[in-house]
Amino acid sequence: MSVALLRWYDANARVMPWRVSPEDIRLGQRPDPYRVWLSEVMLQQTTVAAVRDYFRRFTDRWPTVRDLAAAEDAKVMAEWAGLGYYARARNLLKCARVIAADHGGRFPATAEALLSLPGIGPYTAAAIAAIAFDEPATVVDGNVERVVARLFAVTTPLPAAKRELTERAADLTPMARPGDHAQAMMDLGATICTPRNPACSICPLSSACRARALGIAADLPAKSPKPVKPTRHGIAFAGFRRDGAALLERRPERGLLGGMLGWPGGAWSERAPAEAPPPAAGDWRRVGEVRHTFTHFHLVLEVRSALLDTAAAPAAGHFVAAEHFRPADLPTVMRKVHDLAQAAMAAVEGGRGGD
DNA sequence: TAAACGTGGCC
DNA sequence: TGGCCAAGTTT
């Protein structure tokens, strides 16, 4: 089992910026724990394609965990903008600072010790321990759950099946090359043992796969039904000074989009747009609607825009000068608001005859 | 245990 | 086009 999987991995390992190839590992090279940690946190519930550029930018800007620990919060949050699950970025900084302050800038080498760090749960602790430190830790992500559920024809729906799948996965973990084994299981799930239309005919584990023998591979793992998403409504005030400064506010540390920049506006509720006071005096015009879907609800945001007086002190938020403001520093829903407001203002300028 | 927590791609 | 899905963690 393990032999067939590792042989497959040696020939098919995906190339990624944070990964050391099986050949280079055989030559004695070890992955940098910092890069393994950073990539694993970014990859939580996030696709490889989405992570690539973020990983590059982070490691270019902060090459070591000490560099990251010394970074300003706002810089890190801005660099994470668009990647989602912003608690990861907050915990990333906390973790880097613990490593720098309490561990001499070196990552603990065991899954048990890693597990106590902010933002590192069972999956990430096992992944770092196995990949960076060669500990035979068992990595269980969505890919592994799917591979194991099929391999052993586990029909219990997730998340109830989690414990059983973890035990089965642990039985498969070898003492030799645990890091490559972990990555092989995940690569297999990502490229062969896929959620839909699994490529069983070219799978290195097909002869051992119980679900394939039963003809139910594509139906596993079973999942409990998900609750329906409600729709919430709100207002976003996209205000700009004539010199281009944007009126933004830093959102509270906890909760949705915590610690990120956003446009002022009232609470979001399931009843139609609750009226909210504008953050500054001005001629606020409704410029349209932004629709956005979060993990657990749909959002319809009424966007109001205005050109604001330079002298006016805002009642909420603060002006960010044009040279310090990049729309890419905003979480996606707030960037959508920005884009809509800018398009509306450009249309007004154009309709005015332009210059 | 269940709910909160983002986003983009795919079919 | 809307739900599913992606290398989960925290509370």
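Below, read A as the first sequence line, B as the second, and so on, with proteins coming before strands; counting in each chain starts at 1.
For A/R250 and A/D73, the salt-bridge test fails: no basic side-chain N is under 4.0 Å from an acidic carboxylate O. A salt bridge links A/R56 with A/D53; the closest basic N to acidic carboxylate O contact falls under 4.0 Å. Taking a cutoff of 4.0 Å between a charged side-chain nitrogen and a carboxylate oxygen, A/R177 and A/D180 qualify as a salt bridge.
Nearest to the side-chain atoms of A/K223 among the listed nucleotides B/dG8, C/dA6, B/dG6 stands C/dA6. Side-chain proximity of A/H292 to B/dG6, B/dT7, C/dG3: nearest is B/dT7. Listed nucleotides B/dG6, B/dG8, C/dC5 differ in distance to A/F294; the shortest reach to its side chain belongs to B/dG6. Side-chain proximity of A/Y85 to C/dT10, C/dG3, C/dG8: nearest is C/dG8. Distances from the side chain of A/Q44 to the nucleotides C/dT9, C/dA6, B/dT7 place C/dT9 closest. Residue A/N91 has its side chain nearest to C/dT10 when only B/dG6, C/dT10, B/dG8 are considered.
Between the CG atom of A/L299 and the C1' atom of B/dA4 there is a distance of 15 Å, given to the nearest Å. When the C1' atom of B/dG9 is taken as reference, atom CG of A/L83 falls 15 Å away, rounded to whole Å. Taking atom CG of A/L158 as the reference point, atom P of C/dG8 lies 12 Å away to the nearest angstrom. Put simply, CZ on A/R251 is 14 Å from C1' on B/dA4, counting in whole angstrom units. Atom CZ of A/R335 and atom C1' of B/dT7 are 10 Å apart (whole Å). Here the P atom of nucleotide B/dA3 and the CZ atom of A/R254 are 19 Å apart, to the nearest Å. Going from atom CZ of A/R146 over to atom P of C/dC4 covers 16 Å, rounded to whole Å. The NZ atom of A/K162 sits 15 Å away from the P atom of B/dA2 (whole-angstrom rounding).
Base contact: A/R19 has a heavy atom under 4.0 Å from a base atom. As judged by a 4.0 angstrom heavy-atom cut-off over every strand, A/P227 is placed among residues making no nucleic acid contact. A/V48 comes within 4.0 angstrom of a base, heavy atoms only. Nucleic acid contact class of A/G258 (heavy atoms, under 4.0 Å, all strands): none. Heavy atoms of A/T332 sit under 4.0 angstrom from primed sugar atoms or phosphate atoms, though from no base atom. As judged by a 4.0 angstrom heavy-atom cut-off over every strand, A/R14 is placed among the base-contacting residues. Contacts of A/G189 with the nucleic acid, taken as non-hydrogen atoms under 4.0 Å apart, are absent. Contacts of A/T124 with the nucleic acid, taken as non-hydrogen atoms under 4.0 Å apart, involve only primed sugar atoms and P, OP1 or OP2. Counting non-hydrogen atoms under 4.0 angstrom, A/P159 reaches nothing in the nucleic acid. A/M16 comes within 4.0 angstrom of a base, heavy atoms only.
Residue A/H296 has a polar side-chain atom (N or O) positioned under 4.0 Å from OP1 or OP2 of B/dC5.
Residue-to-nucleotide contacts include no donor-acceptor pair under 3.5 Å from the side chain of A/Y123 to the base of C/dG8. With hydrogens and angles ignored, a donor-acceptor pair closer than 3.5 Å exists between the side chain of A/T46 and the base of B/dG6. You'll find a donor-acceptor pair under 3.5 Å spanning the side chain of A/T295 and the base of B/dG6, going by distance alone.
Summary of the strand contacts: A/G119 and A/Q183 both lie near DNA chain C, and taking for each the nucleotide with the nearest heavy atom, the more 5' one is attributed to A/Q183. DNA chain C is contacted by both A/W18 and A/I120; A/W18 maps to the nucleotide lying nearer its 5′ end (nearest heavy atom per residue).
Across the P atoms, B/dA3 and C/dC4 are found 16 Å apart, a figure rounded to whole Å. Taking atom P in both B/dG8 and C/dT9, one finds a spacing of 22 Å when rounded to whole Å.
Taking the six-membered ring where tryptophan is involved, the planes of A/H292 and A/F294 are perpendicular, since the angle between them exceeds 60° and thus also 30°. Using cut-offs of 30° and 60° for the angle between ring planes, the A/H338 and A/F240 rings count as perpendicular.
The closest side-chain donor-acceptor pair between A/Q44 and A/T124 falls under 3.5 angstrom.
Residues A/F297 and A/L256 have side chains in contact (heavy-atom distance under 4.5 Å, counting atoms from C-beta outward).
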